[in-house]
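The block underneath contains the structure these notes are about, expressed in structure tokens.
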Amino acid sequence: MRRVLVTIAVLAASAPALAQSSDSPWEVSQEAELAVIVAPGGSSSGDVERENALYEIGLGLSGERILQSGWTIGGRAVFRASRDHRDRPGGARNVLGADTQGIAGGFSRLSLGPVGGDTGPRGSLETAYLFVETGYGEFSLGRDTGIAARFHEGDVSALSRGRLVDPYLDVSGIGAIDTRANLTGPSTKASYVTPRILGVRAGVSYTPRADVRGLDRDSTGAANPPRAELENAVEIGLNASRRLRESGVRLRGGLSYSTAELDAPAGFEGLFDDSLDVIAVGGEVEWQDTYRFGVNWLLADEGLVSGGDYTAWSAGLGYERGDWRASVVYGASEIDSIGADSEGISLSLAREINDGFTLAVSWQDRDVTPLVPNSQSIGARNAESDGFVVEITLAFKN
């Protein structure tokens, strides 16, 4: 990994000189996106309160240039701002409404007791990296998602933000089904991806310290609830895509393994292990360029001395024809660290009204159930939320 870092540093330092010898101009593009989630009506139980309206704004700038050597150099930066559910800042949340304080899992960030942090509108520089594409693969350095999340496959939801599994915006506040191994969030990292050979490529990411409070992943440590910070995180993955010529069926798949050392907050060192591990696998089958079936499975060691894994899986069927998209998705998770199970189902329909303007409607039902119902020891209660979700997306790219 040290060699990878040195190589990236050398390439980045030499890029300006290389660019001067190139006849190819810089290709610069701008992007902007607004996503609004509206949840009219609906119902909830326990301590759950549904949000009526959420939003996300993204502004991005990217540029690249082809050198005479055939290499491509460039960079990308994206600033995002959003208002998510007030009870799940950075994805960290207490999904059971428990009265007793407890520690948070190293991967899921789920906990018993109140969750501290910013709960109103927040902004974050989610992406800011430089890259070099060569005949030997792509090297990148900066703020970006890790290889495990980049190689994720199997998501067939018709929604982009308010989906059931791995939601970016969650009106229910109890979304607890995450199959995307986004361990380090937008923390600064070095990544390398091989060229695709026979439909398969491999990649690795190294994150010295995951210390960024991103919109979707709070990678920082905290004392309320006690959460460990991640250090020296390594993510490796494989991604495959292949189209069967005779049948026209396309197969996609992703497999990843992530590991990181844990830096426990002061006073809580005895509650956390030295490290944690995450394994994720997902796949998708597409046929007739219309139908898609996807599955995902994730297992995470939460890095707690008391033990307890986080396991999540999902399966979905998607349909796409012309401007229309539809999906049916079911997902479930087992959260041993807080003694709870979660499951949910969504039925969604979306249509691209015109270029960059998409309207989607989804009916979703989520619930989280303690393994010991109405446990007096933790004061946990069943949590359930169901109702319609309307997602409006406006996107511009030039």
Side-chain angles (χ1 to χ4, degrees), residues 1-5 7-8 12 60 62 75-78 80 90-92 105-109 124-133 137-155 165-168 178-194 196 200-221 227-240 252-263 275-282 296-303 310 312:
M1 179 56 64
R2 182 177 297 176
R3 293 181 178 178
V4 173
L5 291 173
T7 301
I8 293 175
S62 61
R76 185 167 185 258
V78 178
R80 291 169 51 203
F107 171 76
S108 71
R109 301 291 161 134
S124 172
L125 183 62
E126 296 281 292
T127 303
Y129 66 86
L130 300 174
F131 70 87
V132 179
E133 293 181 2
E138 178 184 311
F139 302 84
S140 63
L141 179 65
R143 287 196 176 190
D144 193 14
T145 53
I147 288 297
R150 288 169 59 183
F151 280 10
H152 178 76
E153 296 284 359
D155 179 15
V165 180
D166 303 305
Y168 288 91
D178 297 319
T179 60
R180 184 171 176 257
N182 185 21
L183 181 63
T184 58
S187 299
T188 300
K189 55 179 59 70
S191 301
Y192 167 70
V193 178
T194 69
R196 191 177 290 276
V200 180
R201 58 178 177 166
V204 59
S205 294
Y206 171 68
T207 306
R209 192 173 184 87
D211 54 1
V212 174
R213 179 168 291 178
L215 297 186
D216 311 310
R217 174 73 182 182
D218 184 353
S219 302
T220 64
R227 286 186 286 161
E229 190 169 284
L230 307 178
E231 296 180 335
N232 296 317
V234 177
E235 305 169 67
I236 58 176
L238 292 173
N239 181 274
R252 300 184 182 90
L255 172 66
S256 67
Y257 167 73
S258 308
T259 184
E261 299 175 0
L262 298 180
D263 181 13
S275 63
L276 63 79
D277 304 285
V278 183
I279 299 174
V281 60
N296 278 286
W297 177 83
L298 180 144
L299 172 63
D301 166 14
E302 293 277 50
Y310 174 84

Is the side chain of [X] donor-acceptor paired with the backbone N or O of [Y] at a distance under 3.5 Å, no angle test?
X      : Y      : result
Thr194 : Ala202 : yes
Arg76  : Tyr129 : no
Ser187 : Asp211 : yes
Ser205 : Ile147 : yes

With distance as the sole criterion, is a donor-acceptor pair present between the side chains of Asn232 and Tyr206 under 3.5 Å? yes

Provide the closest heavy-atom pair for [X] versus [Y] in the form atom of the first, atom of the second, distance.
X      : Y      : answer
Arg201 : Arg196 : NE-NH2, 3.0 Å
Tyr192 : Gly137 : CE1-CA, 3.9 Å
Ser258 : Ala148 : OG-CB, 3.6 Å
Ser191 : Arg150 : CB-NH1, 3.9 Å
Thr179 : Ala280 : O-CB, 4.3 Å
Ala228 : Leu262 : CB-CB, 4.1 Å

Nearest 0.5 Å, what's the [atom1]-[atom2] distance between [X] and [Y]?
X      : Y      : atom1 : atom2 : result
Thr259 : Asp277 : OG1   : CG    : 4.0 Å
Phe151 : Leu238 : CZ    : CG    : 7.5 Å
Asp178 : Asp166 : CG    : CG    : 5.0 Å
Phe131 : Asp144 : CZ    : CG    : 11.0 Å
Leu255 : Ile236 : CG    : CD1   : 8.5 Å
Glu153 : Asn296 : CD    : CG    : 9.0 Å

Can you tell if the side chain of [X] reaches within under 4.5 Å of the side chain of [Y], non-hydrogen atoms only?
X      : Y      : value
Ile279 : Trp297 : yes
Leu125 : Val212 : no
Thr145 : His152 : no
Thr188 : Arg143 : yes

Run the side chain to side chain contact (heavy atoms under 4.5 Å, CB included) test against Ala233 and tell me which residues pass, sequence neighbours left out. Thr184, Thr207, Ala260

Begin with the C-alpha distance, continue with both residues' side-chain angles, and end with the deciding distance and a verdict on side chain to side chain donor-acceptor pair (under 3.5 Å) for Glu235 and Ser256. CA-CA 7 Å; Glu235 305 169 67; Ser256 67; over 6 Å; no

After noting the C-alpha distance and the side-chain angles of Arg180 and Asp155, does the key distance pass the salt bridge (Lys or Arg N to Asp or Glu O under 4.0 Å) rule? CA-CA 9 Å; Arg180 184 171 176 257; Asp155 179 15; over 6 Å; no

Is the closest basic N to carboxylate O distance between Arg80 and Asp216 below 4.0 Å? yes

